[in-house]
Amino acid sequence: VLPVITETGPERAATVPLEVSEPAVSTELARSLGVVEKVSEYTTYYPSDFPGRLTNIHRAADLMDGTLVLPGDVFSFNDTVGERTAERGFAAGFIIEDGRLEVDFGGGVSQLATTTFNAAFFAGLEIVEHNPHSFYISRYPEGRESTIAWGVKDLRFRNDSEHGVFVTTSWTDSSVTVQVWGTKRYRVESVTSERYDVKPFEVVYDPRPPGVEPGTCVATEGVPGFRVRVTRELHELGRGGALVDSE
């Protein structure tokens with residue numbers, strides 16, 4: 001195609017060969033995977049006052065939408081979404097570095113990571129890796145939030161079921177939703193303890209000038225540190241509802 005782009009008239013035509021390529025997932029395989037119902041769904045909400053943050057959440061969600069995880073395979077947020085760079089459609093947004101807010105490309109993507117973690121949590125899937133933020137963000141459920149950093153921290157879960165897991169996403173300017181499709185195995189309940197080991201925050205003075213450009217200082221109010229214990233209970237489906245596992 002490239003050689004004829006600058007041509008005009010009949011010369012602006014290209015003959016290209018066609019070849020047959022097999023689909024990565026055949027119709028037969030798709031029908032055998034048992035993706036027959038919505039297993040879980042989770043939505044988180046966020047302010048819509050920073051366009052770069054919205055760009056990053058929406059871009060990452062679009063890249064993750066339609067992800068198939070075969071039985072036994074491990075889903076990786078970083079592998080699925082890829083590196084957050086300007087060339088890949090990401091913008092500068094708020095990130096957390098050493099307990100303070102900064103501005104860098106991809107900031108805000110952990111909103112989707114937290115949403116995905118909770119969707120996998122309530123789908124009863126095996127959580128392989130998740131990392132809490134270095135300080136608590138009130139729009140996330142206590143003890144059930146997950147941050148990511150390219151090459152450093154990831155969100156991973158294993159499809160430990162006998163059926164396929166199909167992940168879809170949707171978003172607005174104030175919310176993002178992750179749905180997990182497959183075959184439902186459990187009724188999942190989450191039990192959260194009271195906060196303990198509460199620690200007051202320290203005041204840090206940042207010499208950098210304030211702003212919303214990469215490398216500038218973002219002032220924020222301090223947040224007390226604390227620990228919390230979350231227990232996930234997996235119950236069998238049906239009238240019995242017996243406890244199958246607790247972790």
Side-chain angles (χ1 to χ4, degrees), residues 20-46 54 56-84 88-90 106 108-131 140-141 144-148 150 153-172 174-190 232-238 244-245 247:
V20 176
S21 60
E22 296 298 326
V25 178
S26 66
T27 301
E28 291 75 18
L29 176 59
R31 287 174 174 167
S32 70
L33 286 176
V35 180
V36 296
E37 60 187 331
K38 183 167 64 179
V39 177
S40 68
E41 175 179 320
Y42 204 82
T43 301
T44 61
Y45 301 88
Y46 44 83
L54 300 184
N56 295 333
I57 295 171
H58 299 170
R59 174 63 173 150
D62 288 344
L63 289 168
M64 201 176 79
D65 187 37
T67 297
L68 176 64
V69 187
L70 295 176
D73 284 358
V74 174
F75 167 92
S76 162
F77 187 96
N78 279 335
D79 288 349
T80 303
V81 173
E83 188 173 3
R84 277 70 75 182
R88 300 191 66 248
F90 290 91
V109 173
S110 60
Q111 181 89 37
L112 177 62
T114 288
T115 312
T116 305
F117 168 75
N118 277 276
F121 180 97
F122 285 105
L125 296 167
E126 177 189 349
I127 305 299
V128 177
E129 178 187 355
H130 91 286
N131 301 275
Y140 298 149
R144 296 204 323 264
E145 40 94 18
S146 186
T147 188
I148 40 86
W150 179 255
K153 295 180 179 180
D154 201 359
L155 166 64
R156 296 183 295 146
F157 64 81
R158 177 177 286 105
N159 178 6
D160 57 342
S161 75
E162 298 177 353
H163 309 284
V165 164
F166 190 63
V167 181
T168 61
T169 66
S170 59
W171 48 261
T172 70
S174 60
S175 69
V176 63
T177 299
V178 175
Q179 295 177 322
V180 175
W181 304 80
T183 296
K184 196 173 182 67
R185 298 180 293 164
Y186 309 112
R187 175 175 59 83
V188 180
E189 293 186 359
S190 178
R232 179 171 69 168
E233 297 180 348
L234 306 180
H235 297 262
E236 69 177 9
L237 295 177
V244 176
D245 193 15
E247 56 186 8

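Just so it is clear, the structure is predicted and the values come from calculations on it, not from any experiment. In what follows, every heavy atom counts, from backbone to side chain, and hydrogens, waters and symmetry copies are set aside. Throughout, numbering of the chain's residues begins at 1 and tracks the sequence.
Using a 4.5 Å heavy-atom cutoff, the side chains of Leu54 and Trp171 are not in contact. Looking only at side-chain heavy atoms (C-beta outward), Val188 and Leu234 come within less than 4.5 Å of each other. For the pair Leu63 and Thr80, the minimum side-chain heavy-atom distance is 4.5 Å or more. When side chains are defined from C-beta on, Glu247 does not count as touching Ile127, because their heavy atoms never get closer than 4.5 Å. Under the 4.5 Å side-chain criterion, counting only non-hydrogen atoms from C-beta, Leu33 is in contact with Pro71. Counting only heavy atoms from C-beta outward, the side chains of Asn118 and Pro141 approach each other to under 4.5 Å. Within the 4.5 Å cutoff, no side-chain heavy atoms of Arg185 are placed close to those of Leu237. Considering only heavy atoms from C-beta on, Leu112 comes within 4.5 Å of Phe77 through its side chain.
When Glu83, Arg84, Lys153 are each tested for a side chain to side chain donor-acceptor pair (under 3.5 Å) with Asn78, only one passes: Arg84. Residue Val165 forms a side-chain contact (heavy atoms from CB on, under 4.5 Å) with just one option from Leu70, Thr183, Val35, Val69, and that option is Val69.
Here the closest heavy-atom approach between residue Ile57 and residue Gly108 is recorded as CG1-O, 3.3 Å. For the pair Ala123 and Val180, the tightest heavy-atom approach, listed with the atom from each and the gap, is CB-CG1, 4.0 Å. Residues Met64 and Val178 come closest through the heavy atom pair CE-CG2, 4.0 Å. The shortest non-hydrogen separation linking Ala113 to Ile148 is CB-CG1, 3.9 Å.
For Arg59, the salt bridge (charged side-chain N to carboxylate O under 4.0 Å, His left out) test picks out no residue, with sequence neighbours left out. For Glu129, the salt bridge (charged side-chain N to carboxylate O under 4.0 Å, His left out) criterion is met by Arg156, not counting sequence neighbours.
To the nearest 0.5 angstrom, Asn131 atom CG is 8.5 Å from Asp154 atom CG. The distance from atom CH2 of Trp150 to atom CZ of Phe90, rounded to the nearest 0.5 Å, is 10.0 Å. With rounding to the nearest 0.5 Å, the separation of CD in Glu126 from OG in Ser161 is 11.5 Å. In this structure, His58 NE2 and Thr169 OG1 are separated by 10.5 Å, a value rounded to the nearest 0.5 Å. From Asp245, atom CG reaches atom NE2 of His235 across 10.5 Å, with rounding to the nearest 0.5 Å. Atoms CG and CZ, from Leu125 and Phe75 in turn, are 11.0 Å apart once rounded to the nearest 0.5 Å.
Taking the six-membered ring where the residue is Trp, Phe121 and Phe117 present tilted rings, their angle falling between 30° and 60°.
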Show, in sequence, the C-alpha distance, side-chain angles and deciding distance for Asp73 and Asn159, and conclude whether the side-chain contact (heavy atoms from CB on, under 4.5 Å) test is met.
CA-CA 6 Å; Asp73 284 358; Asn159 178 6; 5.6 Å; no
Step-by-step side-chain contact (heavy atoms from CB on, under 4.5 Å) determination, Tyr140 to Ser146
CA-CA 9 Å; Tyr140 298 149; Ser146 186; over 6 Å; no
Given Arg144 and Tyr42, is the side chain to side chain donor-acceptor pair (under 3.5 Å) satisfied, shown in steps?
CA-CA 12 Å; Arg144 296 204 323 264; Tyr42 204 82; 3.2 Å; yes
Before giving the answer on side-chain contact (heavy atoms from CB on, under 4.5 Å), spell out for His130 and Phe157 the whole-Å C-alpha distance, their side-chain angles and the decisive distance to 0.1 Å.
CA-CA 9 Å; His130 91 286; Phe157 64 81; over 6 Å; no
The test is side-chain contact (heavy atoms from CB on, under 4.5 Å); show your working for Thr115 and Thr177 and say whether it passes.
CA-CA 7 Å; Thr115 312; Thr177 299; 5.7 Å; no
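Within a 6.0 Å sphere centred on CD of Glu162, heavy atoms belonging to other residues, nucleotides or ligands number 12 at most.
Within the structure, every pair that satisfies the salt bridge (Lys or Arg N to Asp or Glu O under 4.0 Å) test and touches residues 28-38, not counting sequence neighbours, is listed here: Lys38-Glu41.
Put simply, the side chain of Thr114 never gets that close to the backbone of Gln111: no donor and acceptor are under 3.5 Å apart.
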